[in-house]
Amino acid sequence: MVLIIDSHPYRYEAEALCRMFLRGRELKIFEGEDIPAEDFIYTGVFGDKISVRIKMDGKDLSAKAETSEGKAAKMEYLLYEILSEITGLKPKWGTLTGIRPVKLALQMMDKGISADEVRRKFKEERLVSDEKLDLLLSTAEHEQTIRALSKPESVSMYISIPFCPSRCSYCSFTSHAIEKAAKLIPQYVDLLCEELRDTAVLMEELGLHLETVYMGGGTPTVLTPEQMDRVLSTARSSFDFGGVRELTVEAGRPDTITPEKLEVMKKNGVDRISINPQTMDDGVLELIGRKHTARDVVDAFYMARSFGFDNINMDLISGLPGDDFDKFRKTIDSVLELEPENITLHTLTVKRSANLAGDAQKMLSRSVDEMNEHAFRCFDEAGYYPYYLYRQKGTVEALENTGFCKPGKEGIYNVFIMDETHSILATGAGGVTKLKDPHGPKIERIFNFKFPYEYIDRFDLMNERKEQVKDFYERYPL
Ligand code: SF4
């Protein structure tokens, strides 16, 4: 399929919208007025006039509109209507293709627009379904309470441990299977500790206050107990932890969790951990390359409880290859039986870098939306509510990832990062520091080197980039 962009700058919007309907079909983009293929999606904007024509699957439909503002949104609307008629699909998020729909709603509410008016606008102008509007507005309500905790001087910190015991087939993160990368870890930990100390000095100089800390990856619990202790105790002794509201470690894979590591986390004040089954079906676990069983998840969970962890998140994924509605239903039942404080339901995202993007994609279940609806119902009945959500490119059926929690157990870091409430200072390979103007919407990013070997080899150069943090806060003072 060919997408033609004629005389307008809305290529990104047009492409994102079309991909929701094309579901894996190849899409080539051409700029200009020529129509180089038999089947095509044409988009043109001339002054206030917007024109869309789609020739596809034996149908040839077109639509026109005229508007002086919101041209991209209007073009998306026309594309959605025609693509929906041709394909029979009705993506439930309507024409919203961005990562942060809740942020969009909250920005409107910040301008004094009521929740009812946001609902009306999203429904009529962006074609969002009632079901997603309920989810969106309920999440927005809970996010509002959390983001109100942030002050101009607030920042959060991300500590990256980009290593895993093995690589999951659906993974699109920069994470390195431990067998190959093990020899890098000691030096990585040394430098990470140095970066943490430097970051603490910088924060103190700038008068910044640490709100939440998230140690993620990868799988941080691939480190030995001693290595974990070094990273966590360096963080604790370098920063002022007096006002820190949450210290999360993404334990992730249950096969990496041991009593020694739980003890180290407890000793260092970790008060929230993630134990991520993704699915509780052993066959599916094997198929996606996880080297643990559902029983391991249950054992790790109770082990963590026995060490006093009373705030545990569990990540699940809907749409995994080999999964079906029945297995998914059992996964939900098994996880609810454990009564974790948080459950995060991801919808599978198929990116080019993941091994899944090839043949395995054909094995994906077709009823992902049905699975999510079922999960949402069960979570609601069990007393959980949604407190943050985000969308990703390439998610199966253009669905979303949602964090649910028991009352008062929101993962605070998750809200801050998704809402872009305040700056996130990232440490470690692959970390992206995101600087946010304390009094406005301006955001700037500083990228750490992506791979551990680059992080190690070019550490000094990378650390110099942190000078940009000072520069930012000089331009956007507290
Ligand atoms: S545990 Fe997470 S980061 Fe590691 S390979 Fe699996 S999906 Fe990727």
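Atoms within each ligand, like the ligands themselves, are counted from 1 in listed order.
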**Q** Do any N/O/S atoms of C168 come under 2.8 Å of atom 8 (Fe) of ligand 1?
**A** no

**Q** Which ligand 1 atoms, with their elements, are less than 4.0 angstrom from a heavy-atom of R167?
**A** 5 (S)

**Q** Taking 4.0 angstrom as the limit, do E381 and R377 come out as a salt bridge?
**A** no

**Q** Under a 4.0 Å N-O cut-off, is there an ion pair linking R230 with D190?
**A** yes

**Q** Could you list which atoms of ligand 1 come closer than 4.0 Å to a heavy atom of C171?
**A** 3 (S), 5 (S), 7 (S), 8 (Fe)

**Q** In this structure, does ligand 1 have an atom that sits under 4.0 Å from one of the heavy atoms of S166?
**A** yes

**Q** Under 4.0 Å from a heavy atom of R290: give me the atoms of ligand 1 that qualify, with their elements.
**A** 1 (S), 6 (Fe)

**Q** Let me know which of K92, K132, H346 forms a side-chain hydrogen bond (donor to acceptor under 3.5 Å, both in side chains) with E400.
**A** K132

**Q** For ligand 1, which atoms sit closer than 4.0 Å to a heavy atom of T219?
**A** 1 (S)

**Q** Against the six-membered ring of Y476, is K442 placed for a cation-pi contact (under 6.0 Å from the centre, within 45° of the normal)?
**A** no

**Q** Going by the order shown, which atoms of ligand 1 are within less than 4.0 Å of some heavy atom of C164?
**A** 1 (S), 3 (S), 4 (Fe), 5 (S)

**Q** Run the contact test for Q278 against ligand 1 with a 4.0 Å cut-off on heavy atoms, strictly below, and give the result.
**A** no

**Q** G218: heavy atom below 4.0 Å from ligand 1, yes or no?
**A** yes

**Q** Is NZ or CZ of R465 both nearer than 6.0 Å to the six-membered ring centre of F449 and within 45° of the ring axis?
**A** yes

**Q** Can you spot which of N448, T427, T234 makes a side-chain hydrogen bond (donor to acceptor under 3.5 Å, both in side chains) with E195?
**A** N448

**Q** Would you compute the distance between atom OH of Y388 and atom CG of D419 and round it to the nearest 0.5 angstrom?
**A** 13.0 Å

